Every structure is written in C-alpha cells, then in structure tokens.
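First up is the structure itself, then whatever we jot down about it.
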Amino acid sequence: MMTSTAARVGPRERLLETASRIFYADGINGVGVDRILQEADVTRASMYRHFSGKEELVVAYLEREDAKMHTLWDAGLGQAVSPEHKLELAIEGIADDATLVHTFGCPFIKAAGEFPDPKGPVRQAVTRHRAWFHADLHAMLADAGREDVDRKAAALAMLRDSLLISSFLDDRQEARRTFVRTARWLAGLP
C-alpha cells in the first residue's frame with residue numbers, strides 16, 4: 001500500500017531518492033535492484049520505463065548528487081563580498097559538506113571505486129563532477145589574484161578528497177581542522 005506521500009511523488013523520483021540513500025550508505029554493486037524496487041514501492045516495469053537498467057540509475061544518482069552539490073555550492077558562494085571571502089566560504093563549505101553531509105565519504109569516489117572503467121558511463125559522470133569542481137576552484141583562485149592556480153586548484157581538490165575520506169575514517173573534527181588550516185594556507189588566506 002502506497003503512502004499518501006509516495007502517491008504524490010512519481011516513481012522516477014522515488015527510485016532516485018531510494019537509490020541515492022541506499023547507494024550512498026551501502027555501496028552500489030552490493031545493492032540489488034529488487035531492494036531498490038521494494039523500498040521505493042515501484043514495479044520493475046515502471047523502473048524500466050524510466051531507466052534502461054541499474055547502470056543508468058547509478059548515473060542518474062550521481063547526476064542528482066552533482067546537481068545538489070552545485071545548488072548548495074552556488075548558494076553558499078553567492079554570499080561572498082570579495083574574491084578572498086569567496087575562497088573562505090568555499091573552504092568552509094567543503095569542510096561542512098564532509099563533516100555534516102557526506103559523512104560516509106565522497107559519493108563520487110565511492111562510485112569510481114566500484115566502476116573502474118574510465119570510459120564507462122558511471123566514471124564519466126564522476127569525471128564531469130570533478131572537472132566542474134576543479135574549474136570552479138581554478139576560477140576562484142584566479143579571481144583572487146593567486147599565482148600558479150592550476151597547481152593550487154589541483155591541490156585543494158586533493159585536500160577535499162582527503163577530507164572526505166578522513167572525516168569518515170578518522171576523527172571528523174580533527175580532519176576538519178587540518179583541512180581548513182591547510183586549505184587556507186594553500187589558498188593564501190591568513
């Protein structure tokens with residue numbers, strides 16, 4: 001029996017919401033389609049009307065995650081009053097994401113670990129997300145007048161990856177403090 005909330009949300013959104021929750025918490029390859037269908041209260045036929053298979057659902061999950069991150073990132077950085085302030089907000093936003101939202105690690109890193117083929121659709125979704133993030137860091141550093149922005153953007157992205165892993169495996173607050181201190185130094189902030 002479908003709840004009134006489930007009745008108001010279409011099957012595609014229920015599938016994505018359920019898959020997102022389960023894939024992030026339990027991994028992708030270890031989760032069967034039957035579990036997603038059952039928890040989403042969606043039939044197999046309905047799933048295949050929206051997705052050609054599990055891999056397409058995984059790509060949709062990552063694209064959904066990417067869109068949510070873009071929205072949060074843009075909203076947070078939209079409050080900046082200067083290029084320096086934007087860098088500060090970016091560093092704090094990354095720290096907040098890793099310690100408050102993505103507490104089981106990075107969904108993109110986790111997906112890449114389960115789908116190692118760099119030419120496959122899942123890895124392509126991961127690559128698009130990472131390219132966006134690198135480009136945004138690059139632009140912020142350039143706008144703030146920093147030198148060697150390619151290397152610094154790459155280093156900040158790597159620090160973010162490390163934070164997402166460390167905040168899952170180690171003491172979350174210590175990982176945050178280490179990230180913020182190192183990222184501020186790298187970005188040339190006092």
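These numbers were taken from a predicted model, which means no experiment stands behind them.
Scanning for side-chain hydrogen bond (donor to acceptor under 3.5 Å, both in side chains) contacts around Gln173 gives an empty result, with sequence neighbours left out. Under the side-chain hydrogen bond (donor to acceptor under 3.5 Å, both in side chains) criterion, Glu92 pairs with Arg176, not counting sequence neighbours. By the side-chain hydrogen bond (donor to acceptor under 3.5 Å, both in side chains) test, Glu114 is found to be paired with Asn29, residues two or more places apart in sequence or in another chain being considered.
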One pair to check against salt bridge (Lys or Arg N to Asp or Glu O under 4.0 Å): Glu17 and Arg64. What are the steps and the verdict? CA-CA 9 Å; Glu17 181 65 35; Arg64 181 178 192 258; 2.5 Å; yes
Using the ring-ring contact (aromatic ring centres under 6.0 Å, His included) rule, take Trp132 and His129 through it: C-alpha gap first, then chi angles, then the decisive distance, then the call. CA-CA 5 Å; Trp132 159 75; His129 170 75; 5.5 Å; yes
Walk me through whether Ile165 and Asp170 qualify under side chain to side chain contact (heavy atoms under 4.5 Å, CB included). CA-CA 8 Å; Ile165 293 166; Asp170 302 322; over 6 Å; no
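Put simply, Ile91 and Val81 are part of two different groups of oily side chains (I, L, V, M, F, W, Y) that touch within less than 4.5 Å, one to the next. By the criterion of side-chain heavy atoms lying less than 4.5 angstrom apart, applied directly or through intervening Ile, Leu, Val, Met, Phe, Trp or Tyr residues, Tyr61 is grouped together with Met69 in one hydrophobic cluster. Leu100 and Phe108 are not part of a single hydrophobic cluster, where members link through side-chain heavy atoms under 4.5 Å apart. Residues Leu169 and Val101 do not share a hydrophobic cluster, clusters being chains of Ile/Leu/Val/Met/Phe/Trp/Tyr side chains in contact below 4.5 Å. In terms of hydrophobic clustering, with Ile, Leu, Val, Met, Phe, Trp and Tyr side chains grouped at heavy-atom distances under 4.5 Å, Leu137 and Val126 are assigned to different clusters.
Taking every heavy atom of both residues into account, Pro107 and Leu62 meet most closely at O-CD2, 4.0 Å. Minimum heavy-atom separation, Trp73 to Ala90: CH2-CB, 3.6 Å. The two residues Ser167 and Ala175 come nearest to each other via the heavy atoms N-CB, 3.9 Å. Contact between Thr18 and Glu39 at its shortest, heavy atoms only, is CG2-CB, 3.6 Å. Closest approach of Arg172 and Thr99 over heavy atoms only: CD-O, 3.1 Å. Phe115 and Val58 make their closest contact through CE1-CG1, 4.3 Å (heavy atoms, listed as atom of the first residue, atom of the second, distance).
The residue from Arg14, Arg12, Glu13 that alone fulfils the side chain to side chain contact (heavy atoms under 4.5 Å, CB included) condition with Val42 is Arg14.
By the 4.5 Å heavy-atom criterion applied to side chains, Gln124 and Arg128 are counted as neighbours. In this structure the side chain of Asp148 never reaches within 4.5 angstrom of the side chain of Leu141, judged on heavy atoms. Proximity of Ile94 to Val180: side-chain heavy atoms (C-beta onward) are nowhere separated by under 4.5 Å. Contact check for His50 versus Leu16: no side-chain heavy atoms found under the 4.5 Å cut-off. Proximity of Met140 to Leu77: side-chain heavy atoms (C-beta onward) are separated by under 4.5 Å at one or more points. With a 4.5 Å cut-off on side-chain heavy atoms, Leu186 and Leu159 count as touching. Inter-residue side-chain proximity for Phe51 and Val59 is flagged as unmet; no heavy-atom pair is nearer than 4.5 Å.
With rounding to the nearest 0.5 Å, the separation of CG in Leu163 from CE in Met158 is 14.0 Å. Interatomic distance, Thr103 OG1 to Leu164 CG, rounded to the nearest 0.5 Å: 10.0 Å. Note that OG of Ser82 and CG of Leu87 are 8.5 Å apart. Values are rounded to the nearest 0.5 Å. Interatomic distance, Ile36 CD1 to Arg21 CZ, rounded to the nearest 0.5 Å: 9.5 Å.
A donor-acceptor pair under 3.5 Å is formed between the side chain of Lys110 and the backbone N or O of Tyr24. Formation of a donor-acceptor pair under 3.5 Å by the Lys54 side chain with backbone atoms of Val31 is found in this model. Side-chain atoms of Tyr48 do not come within 3.5 Å of backbone N or O of Thr43 as any donor-acceptor pair. Looking at Arg184, its side chain does come within 3.5 Å of a backbone N or O of Pro190 through a donor-acceptor pair.
Summarising the local packing, CD of Glu174 is surrounded by more than 12 heavy atoms from other residues, nucleotides or ligands at distances under 6.0 Å. Heavy-atom neighbours of Arg151 CZ from other residues, nucleotides or ligands within 6.0 Å: at or below the threshold of 12.
A cation-pi arrangement is found for Arg160 relative to Phe133, the charged atom lying closer than 6.0 Å to the ring centre and inside a 45° cone about the ring normal.
Not less than 6.0 angstrom separates the ring centroid of His102 from the ring centroid of Phe168.
For Asp161 and Arg130, the salt-bridge test passes: some basic side-chain N is under 4.0 Å from an acidic carboxylate O.
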